[in-house]
Amino acid sequence: MRSVLFICTGNTCRSPMAAGLFAEYAAKKGLASLVSVKSAGLAASPGAPACENAVLAAAQLGADISSHRSRPLSAADLSGDTRFVCMTAQHAQALQSAGVPASRVLALSVSDPFLGDAAVYRRCAQQLSDEMPRVFRFVFGCDDIRPMTSADAPAAAALERACFSHPWSEASLRASLEQDGARFFLLSADGRPAGYIGASLVAGEGYMNNLAVLPDFRRRGFARMLLTALCDCLQKEDAAFLTLEVRKSNAPAVSLYQSAGFQTVGERRRFYRDPEEDALLMTLLFLHGKELLNR
């Protein structure tokens, strides 16, 4: 779980709007379950609601911050691996003076709208919204994660060739991407495709085709991000389950799937070639699927 804390002065305007907008942004990427999003103020009084104009401005951009209550930054907030997104360079400098490494601090340049009219708050919220891709890169370490189309077949084919001894061809990938049930996601980092995941959704059942991350980008949590985005997509479509095959010897992949809630439900003998190896058949039941089984 990644943790991000948005910082301003009073924690009633900028930082709650930023936190609400980023939570919504992460949710649209399918990654809400992988991040804890909070806010605080360097000189905040505890328990104050967000300014009315801040609530309205955030709502116009899809974020609900009506339940927000202000709180001051605490010493406990500075521990751990939390990343801090500050509204100004001055806020960032205050954190660094308190011992927070510069690598964990991102400084924006967002003026305080306090005492401004509704238009001032709308401009502030829009400025914050425009910063969300930059904040996403800072928090998750990648440029983007998005649904794929058939135009992404060449990029996926290149990932296949780099990762597998028997890669899918570009033609096969394009055909898969053009199917009605195709649910594929592409993750980019450092300005280039770094990984992808694909599945087919058939009659409410998900069947995963492949998960590939370039060797240079492994051990950054990208595989989990791709898997999470896919599962989030399938859950929103009321899929009953997602099932996959994985080499028995691929301990990192098996561990990833187990940590995501997959259960081993069988084996496929001599499923893989070069080298020949059995496959574990693993399945994740979504809440909808569990309800169906319990009827």
Side-chain angles (χ1 to χ4, degrees), residues 1 23-35 62 144-153 155-157 159-160 163-164 166-187 193 195-213 221-248 250 253-269 271-272 278-295:
M1 172 72 73
E24 183 67 18
Y25 190 89
K28 287 181 178 178
K29 298 294 181 183
L31 303 181
S33 64
L34 295 185
V35 62
D144 195 15
I145 184 168
R146 61 169 177 80
M148 293 171 62
T149 68
S150 59
D152 294 308
L159 288 163
E160 284 275 330
C163 296
F164 303 115
H166 293 278
W168 281 28
S169 68
E170 181 178 328
S172 295
L173 284 160
R174 190 181 304 278
S176 294
L177 285 161
E178 291 175 349
Q179 292 178 356
D180 289 340
R183 301 294 184 270
F184 285 65
F185 291 85
L186 183 71
L187 183 149
Y196 94 96
I197 194 169
S200 298
L201 182 60
V202 181
E205 301 174 353
Y207 297 91
M208 201 169 101
N209 302 314
N210 246 337
L211 169 58
V213 176
F222 291 170
R224 182 174 296 278
M225 290 167 58
L226 285 161
L227 182 62
T228 300
L230 174 62
C231 290
D232 180 80
C233 170
L234 295 178
Q235 284 185 290
K236 288 176 179 176
E237 297 191 63
D238 289 331
F241 61 80
L242 174 63
T243 193
L244 57 88
E245 294 95 3
V246 60
R247 284 184 181 271
K248 291 182 69 174
N250 192 346
V254 172
S255 178
L256 168 67
Y257 298 136
Q258 288 175 336
S259 68
F262 284 78
Q263 300 290 325
T264 300
V265 295
E267 295 187 12
R268 299 195 190 281
R269 299 296 303 277
F271 185 80
Y272 292 104
D278 296 345
L280 294 179
L281 183 63
M282 304 185 74
T283 296
L284 172 65
L285 284 175
F286 298 123
L287 178 60
H288 177 68
K290 293 176 183 177
E291 291 172 346
L292 289 175
L293 289 179
N294 290 331
R295 286 180 180 176

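The first residue in the sequence is number 1, and the count goes up from there.
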J.: Taking all non-hydrogen atoms of both residues, which atom of Cys231 and which atom of Leu284 are closest, and how far apart?
T.: SG-CD2, 3.8 Å
J.: What residues form a side-chain hydrogen bond (donor to acceptor under 3.5 Å, both in side chains) with Glu205, not counting sequence neighbours?
T.: Tyr207
J.: Just jot down the side chain to side chain contact (heavy atoms under 4.5 Å, CB included) partners of Asp144, sequence neighbours excluded, or say none.
T.: Lys29, Arg146, Ser188
J.: Are the side chains of Leu186 and Ile145 in contact, using a 4.5 Å heavy-atom criterion?
T.: no
J.: What's the shortest heavy-atom distance between Ala212 and Leu226, and which atoms?
T.: O-CD1, 4.3 Å
J.: Which residues pass the side chain to side chain contact (heavy atoms under 4.5 Å, CB included) test with Leu230, sequence neighbours left out?
T.: Arg183, Phe185, Ile197, Ala199, Met208, Leu234, Leu242
J.: Decide yes or no for Leu187 and Val213: does some side-chain heavy atom of the first lie under 4.5 Å from some side-chain heavy atom of the second?
T.: no
J.: Picking from Asp152, Asn209, Asn210, Thr149, what satisfies side-chain contact (heavy atoms from CB on, under 4.5 Å) with Phe184?
T.: Asn209
J.: Mind checking what makes side chain to side chain contact (heavy atoms under 4.5 Å, CB included) contact with Glu267, not counting sequence neighbours?
T.: Lys248, Asp278, Leu280
J.: Taking only residues two or more places apart in sequence, or in another chain, which ones meet Glu170 in a side-chain hydrogen bond (donor to acceptor under 3.5 Å, both in side chains)?
T.: Arg174
J.: Ser33: what forms a side-chain hydrogen bond (donor to acceptor under 3.5 Å, both in side chains) with it, not counting sequence neighbours?
T.: none
J.: Could you tell me which residues satisfy ring-ring contact (aromatic ring centres under 6.0 Å, His included) with Tyr272, sequence neighbours excluded, listed by chain and number?
T.: none
J.: Locate the shortest heavy-atom distance separating Leu227 from Ala260; write the atom from each residue and the value.
T.: CD2-CB, 3.8 Å
J.: Any side-chain to backbone donor/acceptor pair from Ser172 onto Trp168? Under 3.5 Å, distance only.
T.: no
J.: My understanding is that only residues two or more places apart in sequence, or in another chain, count here; which of them pass side-chain hydrogen bond (donor to acceptor under 3.5 Å, both in side chains) with Thr283?
T.: Thr243
J.: Who pairs with Glu245 by salt bridge (charged side-chain N to carboxylate O under 4.0 Å, His left out), at least two apart in sequence or on another chain?
T.: Arg268
J.: Under the ring-ring contact (aromatic ring centres under 6.0 Å, His included) test, which residues partner Tyr257, sequence neighbours left out?
T.: Phe262
J.: Does any part of the side chain of Leu173, heavy atoms only, come nearer than 4.5 Å to the side chain of Tyr196, both counted from C-beta?
T.: yes
J.: Working to the nearest 0.5 Å, report the span between CE of Met282 and CG of Leu244.
T.: 6.5 Å
J.: To check you understand the geometry: which heavy-atom pair defines the closest contact between Ala253 and Val246, and what is its length?
T.: CB-CG2, 3.8 Å
J.: Can you give me the closest heavy-atom contact between Ala223 and Leu256, atom names plus distance?
T.: CB-CD2, 3.9 Å
J.: Asp232: what forms a side chain to side chain contact (heavy atoms under 4.5 Å, CB included) with it, not counting sequence neighbours?
T.: Lys236
